[in-house]
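To start, the structure itself, in structure tokens.
All residue numbers refer to positions in the sequence shown, counting from 1.
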Amino acid sequence: MKELAELRRIVDGQKTVTTKRLKPLLDQIQSSYIQTANKVKSQKETIKKINSNYSVANSKAARLSVHVQTHEDLKKAHSELLKKHKEVMKELHQYKYNRKRI
């Protein structure tokens, strides 16, 4: 950007600009644009990698969420089964007790 400002100053200050003076400035400007383009390309690749990693992490989190949800469902079903088992055993015990009395 400094080079561009320098070029603008030269052009504004003179009617003619010698090639000897203009060429180094244009080379610096071109070099600056190339460096900027390389930085942008590098940042683009970095963002692409981050997005890819984020996508993988989201996928793993989604699978884990399903696993946790299933685990919670299993725990709930197990609790209900234990409760029913307890009730059935209680009824069976009462049936045996009442049968003995008769």
Side-chain angles (χ1 to χ4, degrees):
M1 285 298 152
K2 249 201 276 185
E3 294 83 11
L4 195 54
E6 174 70 13
L7 181 60
R8 181 169 283 128
R9 189 184 60 74
I10 290 171
V11 171
D12 287 345
Q14 293 180 320
K15 297 289 180 207
T16 60
V17 179
T18 63
T19 306
K20 192 176 186 181
R21 231 173 137 196
L22 189 59
K23 188 169 179 348
L25 287 170
L26 291 174
D27 288 345
Q28 285 181 340
I29 291 169
Q30 183 179 6
S31 173
S32 175
Y33 282 136
I34 289 171
Q35 287 176 353
T36 302
N38 287 338
K39 285 180 187 176
V40 168
K41 186 177 179 183
S42 173
Q43 288 172 347
K44 180 181 173 185
E45 290 299 317
T46 301
I47 289 169
K48 194 174 180 181
K49 285 178 187 175
I50 289 170
N51 284 341
S52 175
N53 290 342
Y54 181 73
S55 177
V56 168
N58 271 346
S59 176
K60 286 181 180 179
R63 285 196 304 262
L64 182 61
S65 172
V66 168
H67 173 73
V68 168
Q69 184 179 5
T70 304
H71 182 68
E72 291 299 320
D73 290 344
L74 285 173
K75 279 174 46 178
K76 185 177 177 183
H78 183 259
S79 296
E80 289 173 6
L81 189 61
L82 282 176
K83 188 177 174 183
K84 286 181 183 177
H85 179 265
K86 205 173 199 179
E87 289 171 4
V88 168
M89 291 304 286
K90 191 175 181 180
E91 286 177 20
L92 182 62
H93 181 71
Q94 285 179 350
Y95 173 76
K96 283 183 179 178
Y97 179 74
N98 287 338
R99 207 165 143 220
K100 284 182 183 179
R101 291 180 92 192
I102 298 176

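- Without hydrogens or angle criteria, Ser79 side chain to Lys75 main chain gives a donor-acceptor distance under 3.5 Å.
- Not counting sequence neighbours, Thr46 has no partner by the side chain to side chain donor-acceptor pair (under 3.5 Å) test.
- To the nearest 0.5 Å, atoms OG1 (Thr70) and CD (Glu72) are separated by 10.0 Å.
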Atom pairs and distances, donor-acceptor, side-chain atoms in residues 37-45, under 3.5 Å, two or more places apart:
from: Asn38; atom 1: ND2; to: Ile34; atom 2: O; distance (Å): 3.4

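- Here the NZ atom belonging to Lys48 is positioned 13.5 Å from the CD1 atom belonging to Ile50, to the nearest 0.5 angstrom.
- Residue Glu87 is tested with His85, Met89, Lys83 for a side-chain contact (heavy atoms from CB on, under 4.5 Å); the sole match is Lys83.
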